[in-house]
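So the structure is just underneath, and the comments pick up after that.
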Amino acid sequence: MELSVIIVNYNVKLFLEQCLCSVQKALSGIKAEVIVVDNNSADKSLEYLVPRFPGARFIASKENLGFAKGCNLGLKEATGRYILFLNPDTIVPEDCFRKTIDFLEQHPGAGAAGIKMVDGSGRFLKESKRAFPAPLTSLYKLFGLAKLFPHSKTFSRYHLGHLDENESNEIDVLAGAFMLIKKEVLDKVGSFDETFFMYGEDVDLSYRIQKAGYKNYYFAGSSIVHFKGESTRKGTMNYVRMFYNAMSIFVQKHYGGSRAGIFNLLIHLAIWFRAGLTAIAGFVRRIGLPVIDAGLIFLSFWVVKTIWSHYIRSDIQYEAKLLWIAFPAFTVFYLITAYYAGLYDRWYKRSELVRSSVIATIVLLAAYALLPEQYRFSRAIILFGALLAFVLISILRWVLVETKVLNSSGEKESLLTTVIAGSADEYKETVQILKDAGLDKRVLGRLSTTNKEETGTIGYWENLQQLSTAIPFREVIFCAGTLSYATIIEKLKQLPNGVVAKIHAGKSNSIVSSDSKDTSGEAVSKENGYKLGDPYNRRLKRLIDISIAFAGIITFPIQLFIVKKPLGFFSNCFAVLLAQKTWVGYAVQENHLPVLRIPVVASNGLPAHSSQQLPKESLQMMDYWYARDYEPVTDLKIIWRIYRRLGS
């Protein structure tokens, strides 16, 4: 066996599908094996992938072992002279493996090789070539000097910025996304150190390979796509903690004496520094906007109250204690409503702000009418306070959209105009996937890949630059079939500004892309076409679950007389609150439907664990309809109809 390809997967089945399609083509003419280790993925990766790739060997772990342990588990089964550790979110060209193996064989002192990597937009990834971490090298990177002087041999040593990305060179560190290593070298130096859960294990193994007298190389004769960010995204606190703790483990292991102590101190200072920056950025993205909204809402009510009591009804004095209870309560209620209306999703829609404001105001006015007289104040304060808050938040969103801090729904729609580069059959196949995902209306047409004069197309695929100025497309889907992966990867590097690329392998069921190395990629498949997969509907479904469970618990004495098996109902309420169950779910568990928790009631309205009279095919169809056409009211209707049996 010449080559063993080992891939560790965790919850990225659609990216891995595209990866395996490219790997199959790259293995043509090579006696090789593909070993996939699944780290207990929750997205049903094995059920999805095993039938599609009978030639690969799949190993199912019962827990998330991390990258190092997962690779070692695959290595125990490997028999090749060369071992390739490959990330699941990569696309490799047809000549990649043959060229890299030949390169190693032409360099007798070589022990391992990495490769030139680009992201989903064709931009070179600096991680392709790195130096070992050293105190000054790491400090230059951590404090931004490497960015200021990207080609400096001193300041940009971490990513070896002085080395030409288009020339092969001896380097220190191989990127874990693509590590081709001679098996005899691994037998001598050992495999990955399992102390590293994620990050740092590639640095450690590269160090041991060099220490054993072998050379590590960066190979620029071929390029792969690394979509990046699919397991632990850069910029998150979790990434900062895991990455720099891994560096700390590496230093303690390989650097002795005072040098290790100084380096460790610097690393921990850097961890706190970067963690602080990450916390601030995370606060602005996730918490900052709701906090600012809360301030605007509270301010609006207070301003309206002040104007009302001073200029309109100066004869009425409002008790300060009442206001300090009421206004924060109003604010919290408005924020909760805004969250469930989708106001804090990635894309800003004005309709979500209008909807949340109207719903919250109506509910507050209705609840206000039920309060005792001594706790009431003018309805006008609620109405005009809500109106002022709406105006202020609208202005804030406009400013954030104009300054590109937020993306508007209008901007999103402008991105969703697509052309497809492929043959007529590939075009039909790709459009069908988009149709199943509810995205087919964005397609403008097909780009020919074989003939510049082909009828029924809107242009020739190699003329993307010129076409982008004449046709308003913002996305191109490359079909790997008529087009080779090598050709597609080269074309990624020449994409027109503002155009996003996606890749679809012929006969596969997905399309993948990633616009940035620091953000999670996008995978399009039939699963995108389910209303149940929409984040807005999933939030409302969870809200329904929590509300009914909470109401059931606080009214439990009454439920003793209403619900059959009340203890079972009480147990189900707690299971739903703890996110172990959902009130309504699937009758049959299917791997292609959006993931749901264990159901109390099946989609056909019967207790989930009761004997179902319908055949499995009918139950599967009902589950499909439930997921495809989901509306929150559907759950309410089912729960109301079977309420007495919710303890089953």
Side-chain angles (χ1 to χ4, degrees), residues 14-29 52-53 55 90-96 118 120-122 222-225 227 416-496 499-514 521-526 528-529:
L14 299 180
F15 282 89
L16 179 53
E17 178 185 25
Q18 296 300 317
C19 174
L20 290 173
C21 287
S22 69
V23 166
Q24 285 180 330
K25 288 193 173 184
L27 290 177
S28 177
R52 289 170 168 79
F53 299 97
T90 56
I91 299 289
V92 299
E94 291 80 359
D95 59 0
C96 172
V118 298
S121 296
S222 185
S223 301
I224 71 167
V225 178
F227 288 111
L416 300 184
T417 47
T418 303
V419 294
I420 299 171
S423 67
D425 289 340
E426 290 168 340
Y427 176 78
K428 290 178 183 177
E429 180 181 297
T430 307
V431 169
Q432 185 59 52
I433 294 174
L434 294 173
K435 185 177 181 180
D436 290 339
L439 302 173
D440 55 309
K441 292 181 175 59
R442 61 204 267 180
V443 178
L444 298 178
R446 178 170 73 91
L447 300 179
S448 173
T449 53
T450 56
N451 185 352
K452 292 183 180 181
E453 307 299 327
E454 186 177 356
T455 58
T457 65
I458 59 175
Y460 187 52
W461 82 284
E462 287 192 358
N463 299 330
L464 274 178
Q465 191 71 48
Q466 300 94 306
L467 289 170
S468 66
T469 61
I471 302 173
F473 67 88
R474 292 293 178 268
E475 180 180 85
V476 56
I477 299 176
F478 294 109
C479 297
T482 306
L483 296 175
S484 70
Y485 284 107
T487 304
I488 292 172
I489 292 171
E490 285 305 308
K491 199 64 177 179
L492 287 179
K493 304 171 187 177
Q494 306 163 22
L495 283 177
V499 173
V500 175
K502 287 181 165 61
I503 296 176
H504 165 65
K507 308 303 180 183
S508 69
N509 295 301
S510 58
I511 304 166
V512 297
S513 72
S514 180
E522 179 187 358
V524 176
S525 72
K526 187 177 181 180
N528 300 90

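None of the values given here were measured: they were computed from a predicted structure. In this chain, residues are counted from 1 in sequence order.
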State, to 0.1 Å, how close Cys96 and Ser222 come at their nearest heavy-atom pair, and which atoms those are.
CA-OG, 3.7 Å
Min side-chain heavy-atom separation Phe473-Leu464 under 4.5 Å:
yes
Sorted by first residue and then second, give each salt bridge (Lys or Arg N to Asp or Glu O under 4.0 Å) pair with at least one member in residues 451-465; sequence neighbours left out.
Arg446-Glu454
Distance (rounded to the nearest 0.5 Å) between Ile433 CD1 and Lys435 NZ:
13.5 Å
Nearest heavy-atom pair of Gly422 and Thr449: which atoms, and what distance?
N-CG2, 3.4 Å
Taking side-chain contact (heavy atoms from CB on, under 4.5 Å) as the test, write out the residues that go with Glu94, two or more places apart.
Lys25, Ser484, Tyr485, Ala486
For the student: nearest non-hydrogen atoms of Glu429 and Ala505, plus distance
OE2-O, 3.9 Å
Hey, could you give me the CG/OG1 distance between Leu492 and Thr487, rounded to the nearest 0.5 Å?
11.0 Å
Side chain to side chain contact (heavy atoms under 4.5 Å, CB included) evaluation trace for Ser223 with Lys493
CA-CA 11 Å; Ser223 301; Lys493 304 171 187 177; 3.1 Å; yes
Is there a donor-acceptor pair closer than 3.5 Å between any side-chain N or O of Thr417 and the backbone N or O of Pro472?
yes
Work out which heavy atom in Val512 is nearest to a heavy atom in Leu14; give both atom names and the distance.
CG1-O, 3.8 Å
Lys491 and Leu483, any side-chain heavy atoms less than 4.5 Å apart
no
Is there a side-chain contact between Leu434 and Ile477, using heavy atoms and a 4.5 Å cut-off?
yes
Tell me, do Leu495 and Val476 make a side-chain contact under 4.5 Å, heavy atoms counted?
yes
Among side-chain atoms of Ser510 and Glu17, is any donor-acceptor pair under 3.5 angstrom?
yes
Side chain to side chain contact (heavy atoms under 4.5 Å, CB included) between Val419 and Trp461, worked out:
CA-CA 10 Å; Val419 294; Trp461 82 284; over 6 Å; no
When rounded to the nearest 0.5 angstrom, what distance separates CG in Asn509 from NE2 in His504?
8.0 Å
Are any of the side-chain heavy atoms of Ser525 and Ile511 separated by less than 4.5 Å?
no
Side chains of Leu467 and Tyr460, heavy atoms from C-beta outward: is any pair under 4.5 Å?
no
Approximate separation, where rounding is to 0.5 Å, of Ile503 CD1 and Cys19 SG
11.0 Å
Lys502 and Thr418: side chain donor to acceptor below 3.5 Å:
no
State, to 0.1 Å, how close Cys479 and Glu426 come at their nearest heavy-atom pair, and which atoms those are.
CB-OE1, 3.7 Å
The reported gap from CD in Gln466 to CD1 in Ile471 (rounded to nearest 0.5 angstrom) is 11.0 Å
Rounded to the nearest 0.5 Å, what separation is found between the CD1 atom of Ile458 and the CG atom of Asn463?
12.0 Å
Between Val443 and Ile420 the two heavy atoms that sit nearest each other are CG1-CD1, 4.0 Å
